[in-house]
Amino acid sequence: MNIWNEWIEIIFSFIFFIGYYYFVIRKEEYRIKYCVIGILYSIYLAGMLHFTLLHRVILDTRQIKFFSLNTGVSIYDMSETFYNILLFIPMGFLTPLCFKNIRLKRILFQCLCISFGIEIIQLVFQIGFFDINDLVNNVLGGIIGYLLFTLIEKELKKYGKVLWN
């Protein structure tokens, strides 16, 4: 493994957290809660950077893969779909915790933009394929994460508790 990749992840996390602190935490009365969630979100984003961009093998060609219409489904395709969905579930769950008044449209837009950015970077630097299926699966993962957030929030409100202030 390249030691520079780990430093890039650490620096990226630190920069995100400093920006998050500057724009969100310093104004809030619940600093410790927001600080913990900000650190978790920073670690999550660094992990996403790790798995999607930094530790990839450079390919010989650039390729854009559109929806696969194969009738057969392989274990690899199923696991790739599962991992792409799983990768964005924390984004759909953590974003409403980090930022107030986030709704489903915002989550959709955020997941689509980040996923599209990842796919473009993979295409340009030849570290993966630009895959439309990945875009769809990543957005689906963000939606699932957001729905989990709203479900938990709704259940807690029944008992007079709040997931987040």
Side-chain angles (χ1 to χ4, degrees), residues 6 8-56 65 67-68 73-122 128 130-165:
E6 281 77 20
I8 290 170
E9 294 167 14
I10 292 168
I11 291 168
F12 175 79
S13 296
F14 183 72
I15 290 170
F16 174 81
F17 184 74
I18 294 300
Y20 180 71
Y21 180 83
Y22 180 75
F23 289 109
V24 176
I25 298 175
R26 72 183 174 106
K27 301 175 190 173
E28 299 296 332
E29 58 192 74
Y30 305 103
R31 287 180 193 243
I32 293 177
K33 288 181 182 180
Y34 279 98
C35 197
V36 169
I37 292 298
I39 289 169
L40 287 174
Y41 203 76
S42 298
I43 292 168
Y44 162 70
L45 290 176
M48 180 187 290
L49 184 68
H50 172 86
F51 288 115
T52 59
L53 299 175
L54 293 179
H55 292 280
R56 304 293 294 261
K65 293 168 64 178
F67 290 104
S68 77
V73 177
S74 69
I75 296 295
Y76 175 76
D77 289 340
M78 290 173 48
S79 65
E80 185 179 354
T81 299
F82 175 74
Y83 290 134
N84 280 321
I85 292 171
L86 190 64
L87 181 66
F88 273 74
I89 289 175
M91 181 171 290
F93 190 85
L94 290 174
T95 300
L97 288 176
C98 284
F99 306 100
K100 292 181 179 180
N101 301 322
I102 298 290
R103 297 293 167 237
L104 184 58
K105 281 197 300 189
R106 186 86 179 258
I107 297 293
L108 286 169
F109 183 71
Q110 176 184 353
C111 290
L112 184 64
C113 288
I114 290 173
S115 181
F116 187 74
I118 289 168
E119 296 299 319
I120 290 291
I121 291 170
Q122 286 179 351
F130 184 102
D131 193 350
I132 302 298
N133 292 333
D134 290 352
L135 288 173
V136 172
N137 294 329
N138 292 342
V139 171
L140 181 61
I143 292 170
I144 291 169
Y146 181 76
L147 292 176
L148 284 172
F149 170 81
T150 56
L151 181 69
I152 291 171
E153 187 178 49
K154 187 185 229 182
E155 286 298 314
L156 287 176
K157 282 183 181 178
K158 285 182 185 178
Y159 301 105
K161 298 188 182 206
V162 178
L163 182 62
W164 205 248
N165 295 324

Do Phe88 and Ile114 have side-chain heavy atoms sitting under 4.5 Å apart? yes
How far does CD1 of Ile15 sit from CG of Leu45, to the nearest 0.5 angstrom? 12.5 Å
Residues at least two apart in sequence or cross-chain that pass side-chain hydrogen bond (donor to acceptor under 3.5 Å, both in side chains) with Lys158, listed by chain then number, are Glu155
Over 12 non-hydrogen atoms of neighbours within 6.0 angstrom of CZ in Phe116: no
Do Ile107 and Ile143 have side chains that get closer than 4.5 Å, going by heavy atoms? no
Heavy atoms of Gly142 and Cys111 approach each other most closely as CA-SG, 3.6 Å
Not counting sequence neighbours, list each pair that qualifies as a side chain to side chain donor-acceptor pair (under 3.5 Å) and has a residue in residues 38-48. Tyr41-Thr95, Tyr41-Gln110
Worked check of side chain to side chain contact (heavy atoms under 4.5 Å, CB included) between Asn138 and Met91: CA-CA 10 Å; Asn138 292 342; Met91 181 171 290; over 6 Å; no
Would you indicate whether the side-chain heavy atoms of Phe109 and Cys113 approach each other to under 4.5 Å? yes
Side chain to side chain, Ile37 and Cys98, heavy atoms closer than 4.5 Å: yes
In terms of heavy-atom contacts, Phe149 and Pro96 come closest through CE2-CB, 3.4 Å
Is the shortest heavy-atom distance from the side chain of Ile152 to the side chain of Leu156 under 4.5 Å? yes
Could you tell me whether the side chain of Arg106 reaches within less than 4.5 Å of the side chain of Asn101, counting heavy atoms only? no
Can you measure from CD1 (Ile89) to CG (Leu94) and round to the nearest 0.5 angstrom? 11.5 Å
Arg103 side chain near Tyr146 side chain, heavy-atom distance below 4.5 Å: yes
So, Gln122 side chain and Phe130 main chain: donor-acceptor pair closer than 3.5 Å or not? no
Nearest heavy-atom contact between Phe17 and Cys35 is CZ-SG, 3.5 Å
Between CZ of Phe51 and CG of Asn84, what distance do you get to the nearest 0.5 Å? 12.5 Å
What's the shortest heavy-atom distance between Glu119 and Asp131, and which atoms? OE1-N, 2.9 Å
Measuring from Leu147:CG to Lys154:NZ, what's the distance to the nearest 0.5 Å? 10.5 Å
Output for pair (Ile118 CD1, Leu49 CG), nearest 0.5 Å, gives 8.0 Å
Just wondering, do Met48 and Leu53 contact through their side chains at under 4.5 Å, heavy atoms? no
